[in-house]
Amino acid sequence: MPPAVVIQEHFKEHCSQYTHPERPERIDAVRAGLARGGITDEMIIANCSAAITSLERIHDPAYIRKTLDEIDGKWGNLDGDTFFSPGTRAAALDAAGGTTALARMVQRGEADWGFAAVRPPGHHATARRACGFCIFNNIALAAADLLAETDAKRVAIFDWDVHHGNGTQDIFYDRPDVLYVSIHQWPHFPGSGLVGETGRGSGTGTTINLPFPAGATDADYRAAMTDVVIPAMERFRPDHILVSAGYDAHREDFLGGMLLSSRMFGEMAARLKQLADGICKGRMTLALEGGYHLEALADSVCETIRGLFDPRIPECPPYPPGAGVRRILDAVRREISLPGNGFPE
Ligand SMILES: [Zn+2]
């Protein structure tokens, strides 16, 4: 079964009047990376726009209406960072709808895995607010849609973007059926994502944050995958793994201070795909978030796709994480091994 991919030329019509890192050329870079990784034209699925009613699964109806009115055919900003242009309305609806349609296809066994190369990104958008270049929360909508419209009972979201996905965390903070796990730089925008933020009410224990210091390396992320991300997902036993695939933790990226190589994104993708093959029939869907250095973005997307096609984990010399990261991993492990944390037995 081949994978399926969402990428639209008109995602480039979402643009700022001014110089902005979240720029249309990112789509060309991702397209090049997808092709180099082995994605062919036949794997790209058709346009799929989100219905307003489906956006209401995660967004406040008043926010949806007000935003679509405000951005329709105009240039402007929803907040200090989040611009819109005459092409934004269609791009935002197709980014949300495309990610959702892709996840449904994968869940139904119509594609082996999915990659949604979308703009605008989504993980900072909350139920009621645009934030950090994000208007509608594409990955959160896909998760909510899977739970409402397919046989999926539990969905896990792993967010490897360098920024904390405050919107995704917020939307699912009290939900026991969505596990949100994020590795991000801290302190950094948007400021949330501390170890103690673990969920609320019946969702207690289903939010896991790994706030790493600037300068974290492949070895640090490898330790995080081994010690926290994979075991937490194994314990949660999701029916689908979603990934907020931002590439701004790359060492070349100018919006982040992390030191990841392009290969590390392939390694994380491979590890998650292996896990998905073991626990949820390989069901895994990724959606683009950040990543602003065009060559690094293309290379990292290429490595991600190669890791998904051939999820053998590369041989890596054992190399311990830095002391700061070790302390965070130990603190997180203490948090998630607490009894009554929302994980099924
Ligand atoms: Zn980011």
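Just so you know, ligand 1 is whichever comes first in the structure, and atom 1 is the first atom listed for that ligand.
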For this session: Determine the minimum heavy-atom distance between Ile171 and Ala140, stating which atoms define it.
Result: CD1-CB, 4.0 Å

Exercise. Any idea which heavy atoms bring Met105 and Ala4 closest together, and the distance?
Worked result: CE-CB, 4.0 Å

Exercise. Under 2.8 Å from the Zn ion (ligand 1), is there an N/O/S atom belonging to Glu289?
Worked result: no

Exercise. Just wondering, is there an N, O or S atom on His163 that's nearer than 2.8 Å to the Zn ion (ligand 1)?
Worked result: yes

Problem set entry | Asp248: its N/O/S atom lying closest to the Zn ion (ligand 1) (atom name) | OD2

Seminar exercise, completed: the Zn ion (ligand 1) has as its nearest N, O or S atom from Asp161 the atom OD1

Problem set entry | Pairwise side-chain contact, Phe158 with Ile183, heavy-atom cut-off 4.5 Å (strictly under) | yes

Exercise. Are Asp239 and Lys281 within salt-bridge range, i.e. N to O under 4.0 Å?
Worked result: no

